[in-house]
Structure formats: structure tokens, C-alpha cells
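Below is one structure, written out as C-alpha cells, with a few remarks after it.
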Protein chains: 4
Amino acid sequence: MENTDKRMAVIQAAMELIAENGFHGTPMSGIAKRAGVAAGTIYHYFESKDALIEATYALLEEQLLESIRQGYCEDSSVQERFLHIGRMLVSSFIVFPMKSRFIEQFHNSPYGVASRRERMLGKKNDLISSLFEEARQQGLIKDLPLPVIFALAFGPLLLICRDHIFGLITLDDLLIEKTVEACWNALKP
Amino acid sequence: MENTDKRMAVIQAAMELIAENGFHGTPMSGIAKRAGVAAGTIYHYFESKDALIEATYALLEEQLLESIRQGYCEDSSVQERFLHIGRMLVSSFIVFPMKSRFIEQFHNSPYGVASRRERMLGKKNDLISSLFEEARQQGLIKDLPLPVIFALAFGPLLLICRDHIFGLITLDDLLIEKTVEACWNALKP
Amino acid sequence: MENTDKRMAVIQAAMELIAENGFHGTPMSGIAKRAGVAAGTIYHYFESKDALIEATYALLEEQLLESIRQGYCEDSSVQERFLHIGRMLVSSFIVFPMKSRFIEQFHNSPYGVASRRERMLGKKNDLISSLFEEARQQGLIKDLPLPVIFALAFGPLLLICRDHIFGLITLDDLLIEKTVEACWNALKP
Amino acid sequence: MENTDKRMAVIQAAMELIAENGFHGTPMSGIAKRAGVAAGTIYHYFESKDALIEATYALLEEQLLESIRQGYCEDSSVQERFLHIGRMLVSSFIVFPMKSRFIEQFHNSPYGVASRRERMLGKKNDLISSLFEEARQQGLIKDLPLPVIFALAFGPLLLICRDHIFGLITLDDLLIEKTVEACWNALKP
DNA sequence: TATGAATGAGGTTTCATTCAT
DNA sequence: CATGAATGAAACCTCATTCAT
């Protein structure tokens, strides 16, 4: 349907341009041009530039979680499930560098603060939080606050993705596997 | 001398405002006002806004490294030296949240890319790179590319500092110690 | 019939919104929403925003004159007929403040100029002009140009209506009567 | 001094253009061009378009009151002082039609409401209010609320000025005198 | 007849930078 | 060295109007 097409074209254009040039370096007029719509059209779908950015982030986050859910096997061991999540996270990021760049910029901006706060304090009973909860109860990981667990688990992964995208290193499956395993070692009691 | 005073006032103002409002949300006029100088004066010390930002980052990085060098004992064990670096990094960041916010924003912006590239590929034979080099040669840490080592070592620390500053967790000495140790565990072969 | 219903809904919406927010502050989309029609629908009934405004004014003017004609008795004395007109004018305005606000805004805008010119220079042989003509011939009022007569007769009434609507005074029947009489005194030779 | 020159040029340009085209029909860019300054310059002197309009009105009002004070003789009779005010009001308006048009548009806009309310309810112990107070105490004019007195006194004068400016009538000294006297008659008990 | 998504010119405002003083 | 008024390009956003359905 036309409706969704234009909306998606705008989000796609916003993601690409912001990933490359930052929020500040990306005028609405540029987004419109890249999306192939008139400038005013964006404002039928999004109330403001901020709202567009917010919506773009929400979509990317959803896609990311979706790709993590793919192949996620509830019956596997806790460790195996963690390794799966780590692998998928990294591979998603490096397959679509744009998404990764956008998400990182979002998190380090006024926009991202509220989003992050909501998740961490939040009830958001999602896949990952549940896994860590289960792991902690079984004594498989350290007993530390959830944000610290998240930091140990994913902090390194975000950085290596960034370095890969910027050409500082070249990630392959083996290197990814080693790094994710190292993160698991950081979590172990 | 006057000269340096004004220059420092401008840098200080830039750091504070950008930490709070981002690059985009910080006009030169605002920096001038907070620094107590005229708008034009900034251009005597810095060629452009970009140059001011780079200079501000360079200063903060230097201060950060300086605080890490404080109490760094070449005679300690490799592990102990790493723990020192990690502790100092975290405490520096949470003592001056402004600095931390500025640095993070810098790294996640067009500005930061070149800087990071230079460091990683670079000849920059600094304290930290040397330590890791030594550790690897002694077989104390995994044999992985330097950027991956950096990521495992400091990625989690950056994230917990951010969470602390945003009030998602409250770091105390014990929690910092545990987290830094966990990072070391990630590095061990 | 549907036709007229929608048309009237649009005019009503336009009147209300413009009365409150002015011509400039009232987008067509807002009129459409308040009227419960689609934006494009307005253009089936009115060629443009200007045309809608003119039509709205024309309707209100007609309603105003109609309410003046109500109870107007050709057999009464000239003075009594003038008092009737004044009373009805004021009470119409304060009963429907929206109408009054719209009309005043119309008169003080590029739209209103042409309308007013037409009336004053015009042959418009209407009720009020006729009354003044008759009064002048009988020597009951000053021999002044018609616009001056209109100004003396109605200028004060417009202002007190505005003040009443804005809450600066509270008009009651007695006060209205006194004011209309005062206007008549201004007209007397 | 330059400062005041540019500021005044902007106000002058704003007044002329708004008088002709209305608030809505007068873009800031047009004001800048007419004033011979850059678009951004206006914002050094006025915080916004609204602030500029407000400042323009304030200046015109002050000029109007000043011209009324000219030749105002405290020792004259109450009636003579009223006639003076009326004459000066009309002649000021028709000498500078732009000012008159601006002021009228201002009064009939959201801007004007607050201004008018302040004056009427207000403590504003100005020349004119004082005169009416004195007149009432001496029993020279009707005992009516101040806004009604103002309406009777000046309502007709505003209208004849508008008609003159639009070419519906041609005011001369005699006609002005007669009209002002008629207003006085409206006020007499 | 009715819809409302789409258009794009044009509005207000911001801000990095310059330059006469 | 220092000032801050001035610049003007460019940003975000609005809205009267059109047109395919």
C-alpha cells in the first residue's frame, strides 16, 4: 500500500543519511530528496524531525530483536543461548552497518537517554533480560545489577562492530566467536 | 597570562555545554556567553567550531591519561596495572560526568572517527597499548587484535559509567572493582 | 440536503476558528477538521480560502441585518427606529460573540476594505441608509456626510461590544440603552 | 548611533508594510529588505516577529500621546481640552495614515487584546483618563463606565479616520471640528 | 460528491563566521 | 587582542491547494 511505502522510504532515507552524517548533518530536505518525496510529505507521517528519529530507532530496534529471535532455541543451555544472542547481534550490525551506526548515534544523544532509561529500569520483560535473570538464579553468572551485566555482555560487542565498520579490524566468524565467548567469561562467577 | 585564561574558559564552556546539549545544541554564541568573552574572541583562539571541539577533546584525553598515570606503578604486576587503569578510568569519568559525556559524544560523531582510527592503527605507543603488548607476550591475555582487546577491556566500563551518570545504577568502589575484574577475566586466555 | 449541510458546517467552522485565532491563525485543514469534512471537500463549495471568508462574512452580515429587521416598525418615529437598530446591533453582537469578532476582523483586513468601500460609496439603498436619509431631510440629525453619520451612530457601539466580549465591561439593557441614546445625541443638530 | 538607526529602520519598515499588507501579509524577509538590513539582523533587536510588532505599537502609541500632549493646556476648560485631544487624534491619524492603519490592525488582533485590557482595567493614570475623571466629578459628562466613555468619545473618530484614509470621505478642519463636537455632545449628561 | 495524501513554495528563526571599531 | 553588530545561508516546519481514487 502506498501509505506504508512512502513512510518506509522516509525512514530508510533518514536512517542512511543520519548513519553517515549524524542527526545534525542531516536536514529534512535531504531526507525528503533521498526518499523521493516532497519535503512537506514527511510531516504527514511524522510530527517533527524528532518524531521521525524516534520512529526510525524503534523500527531498527524491533528488527534487531527479531533477528535475534530467529534461531533462538529455548531448549538450549543458558550459555548457548547467550552465545547465539551475541553472534546474532554482531552479525546483524556488520551486515547492515547503517543500522548499527544509527543505533549507536541514537544512544549517545539526548534522544537515547529516555529510551535507555526505560529499558533498564523498565519492566520490559524481554528475551534478553529474562535470559540473564534465569542465568543468575542458576548461579551461572555473577550476581551484579542488570545494567552491569548488560555492559559486560554487550559493551565489547558494540565496540568491535564499530571498529569493523570503520575498517579498524576485520571480523570473521572465528573472531566473533572468540569475542562473544570472552564476554561470557566476564559474566561467569 | 590573559591569553591562556580566555582560551581555557572557552574550552571549559564548550565542554560543559556540549556535554549537556550535544554539538548541535550548542551554538558558538552560547559558548562565548558562558565563557564570558565576545563571540568573535573565540576565533582568535580557534579557527572554527570544529577546531574548538577537537582541541577540547584533545585536552580532555590528555587529562584522562594524566589521571591514569597518577599512581601507575611500572613495577606492579600486569594484572594489577590493568586494574589500576580500569579503576582510574571509571572514577575519572564519574567524578567529572561532563568530561565523560563530551568524550562519548565525540567518539560517536564524525569528529571521533579520525581520532579513533589514528589511535588504533597508530603508532601511538602509549601506556595502555604497551601494557597490552607486554601482557600478550607473557601469555597473560588472549592473542586477539588490539581493538578487540580494547573492546573487551574498556567497553563495559564505558557503559557502566554512562549508566551511572544517567542514574540507572549507582557505582561504588566495590562494584567498580568487581566490574574491572570481570573485564580482566574476559581478557584471560 | 447534504449539500447545504456541509457548506454550512464549513462556514460555521470557519467563523468560529477565525473569530478566535484570526485569518492567519486558521488553516484550511483546521476548518475541515472542525467541520467534519475532508480538506479537499471545502474546495467543492468555495474556490479558495478568500472566497470562503467572503462567503462567511456575507452570511453573517445578512443575519445581522435580518435580526435588525425583526421588530423594525416603519411607522415608529425616526428616533425610535434608530434606537431599535442600535439595540439590536449591540444585542446581536453580544449574544454571538463569535460573529462579532469575525466581522470586526474582517473589517480590519484587506478583505474588508473593498466591502466597506462598496457599501459607503454605494447605492446600497438599505434600511439604515434610508433611515438616515429620511432623518436628515426632516432636520432631525446633523447634515454631515453619510460615513460621518455612520461613525457617530455606530462607532461607539462597536467598541462597547468589543469591550464587553473581552470582559472589560458588562453590558446590561440599561447600559446599552444609555449608550445608544448617547449616540443619538451625537447625531442631533 | 548606528544601533538606534538600524533598530528604527526596522520598526519603520515593519510599520509601513504591516499597515499596507497586514501582519500576515508581511514576512520578516520583506521587513528586512525594506529596512536595508539582513534578515538575521532583526533578531538582534527583537526576539521574534511578535516582539517586533509589540515594540512597533509601543512606539506609535507613545508618539500619538506625545502629539496630543503638544499644546495641551491644563488651564483650559474641560470641554476645550477634550476638543483638543479629539482634534489632535484625528489630525495625527490622517497625517500619518500608516501609523493609523498599524494601530487599528494591532487593536483588532490577538496582540491588541492584552494591551487594551491593561489600559482599561489599568492603573494607567494617563492624561485622557484623568481628564474624564475630572469631567465626571464636575458633572460635565455622563456617569458611565470608563470604557463606555472612551467608546463614545473616540469610536466615531477612529471610524472617520479610516474612511478618510480609504478615500470614502475627505476630512477638513471644519468637518473634524464638527465631529469632535458631536462626540462631546454624546458625552454630555 | 467526497476524500486525504501529496505537493512545494514560502514562512520564521538560528547560527557560524566576519570585520570595523 | 577584544568586541559584538551584522550577515545570509540554511534549517525546520506550515499550509493552501490539487488530484487520483
Side-chain angles (χ1 to χ4, degrees), chain A residues 1-7 10 23-33 35-52, chain B residues 1-3 6-7 23-33 36-52, chain C residues 1-3 6-7 23-33 36-52, chain D residues 1-7 10 23-33 35-52:
Chain A
M1 56 208 72
E2 246 302 300
N3 189 311
T4 299
D5 275 5
K6 286 238 161 76
R7 202 188 122 95
V10 169
F23 297 114
H24 163 208
T26 307
M28 293 295 264
S29 59
I31 295 172
K33 188 178 296 179
V37 303
T41 301
I42 299 180
Y43 291 87
H44 276 289
Y45 296 104
F46 308 97
E47 204 160 320
S48 64
K49 189 178 185 177
D50 281 12
L52 166 59
Chain B
M1 59 205 74
E2 248 302 300
N3 189 309
K6 286 232 163 86
R7 203 187 121 95
F23 297 114
H24 170 201
T26 305
M28 292 294 264
S29 59
I31 295 173
K33 187 182 292 180
V37 304
T41 302
I42 298 180
Y43 289 85
H44 281 290
Y45 296 105
F46 308 97
E47 199 159 330
S48 66
K49 190 177 186 179
D50 282 11
L52 166 60
Chain C
M1 59 206 73
E2 247 302 300
N3 188 309
K6 286 230 162 89
R7 201 187 123 96
F23 297 114
H24 172 46
T26 306
M28 292 294 265
S29 59
I31 294 172
K33 186 182 295 180
V37 303
T41 302
I42 298 180
Y43 289 84
H44 280 293
Y45 296 104
F46 308 97
E47 198 159 331
S48 65
K49 189 177 187 180
D50 282 11
L52 166 59
Chain D
M1 58 207 72
E2 249 301 301
N3 188 311
T4 300
D5 274 7
K6 285 238 162 75
R7 202 187 123 94
V10 169
F23 298 113
H24 164 207
T26 306
M28 292 295 265
S29 58
I31 295 173
K33 187 179 296 179
V37 303
T41 300
I42 298 180
Y43 290 86
H44 277 290
Y45 296 105
F46 309 97
E47 203 160 320
S48 64
K49 189 176 187 181
D50 282 10
L52 166 59

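Letters A, B, ... are given to chains in the order of the sequence lines, protein chains preceding strands, and every chain is numbered from 1. Hydrogens, waters and symmetry mates play no part in the numbers below; they use all other heavy atoms, side chains included.
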Over all heavy atoms of both residues, which pair between [X] and [Y] is shortest? Give the atoms and the distance, please.
{"X": "B:Leu52", "Y": "B:Ile31", "answer": "CD2-CD1, 4.0 Å"}
{"X": "A:Pro27", "Y": "A:Gly25", "answer": "CD-O, 3.4 Å"}
{"X": "D:Ala39", "Y": "D:Ala32", "answer": "CA-CB, 3.7 Å"}

So does B:Phe23 get a backbone contact from the side chain of B:Lys49, meaning a donor-acceptor N/O pair under 3.5 Å?
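Between the backbone of B:Phe23 and the side chain of B:Lys49 there is a qualifying donor-acceptor contact (under 3.5 Å).
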
d([atom1], [X]; [atom2], [N]) in whole Å:
{"X": "A:Ile31", "N": "F:dA11", "atom1": "CD1", "atom2": "P", "result": "11 Å"}
{"X": "A:Leu52", "N": "F:dA11", "atom1": "CG", "atom2": "C1'", "result": "15 Å"}
{"X": "D:Lys33", "N": "E:dG11", "atom1": "NZ", "atom2": "P", "result": "10 Å"}
{"X": "C:Ile42", "N": "E:dT1", "atom1": "CD1", "atom2": "C1'", "result": "15 Å"}
{"X": "B:Arg7", "N": "F:dC1", "atom1": "CZ", "atom2": "C1'", "result": "15 Å"}

Less than 4.0 angstrom between a side-chain N/O of C:Lys6 and OP1 or OP2 of E:dA2, yes or no?
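Yes, such a contact exists.
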
Can you check each nucleotide of nucleotides 13-21 of chain E against protein heavy atoms at under 4.0 Å and return B for base, S for sugar-phosphate only, - for none, in 5' to 3' order?
BBSSBB---

How many angstroms lie between CE in B:Met28 and OG1 in B:Thr41, if you round to the nearest 0.5 Å?
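Going from CE on B:Met28 over to OG1 on B:Thr41, the span is 11.0 Å.
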
Could you write out DNA chain E as dot-bracket? Rules: Watson-Crick or G-U wobble, both distances under 3.5 Å, brackets [ ] for crossings, | for pairs with another strand, dot for unpaired.
.||||||||||||||||||||

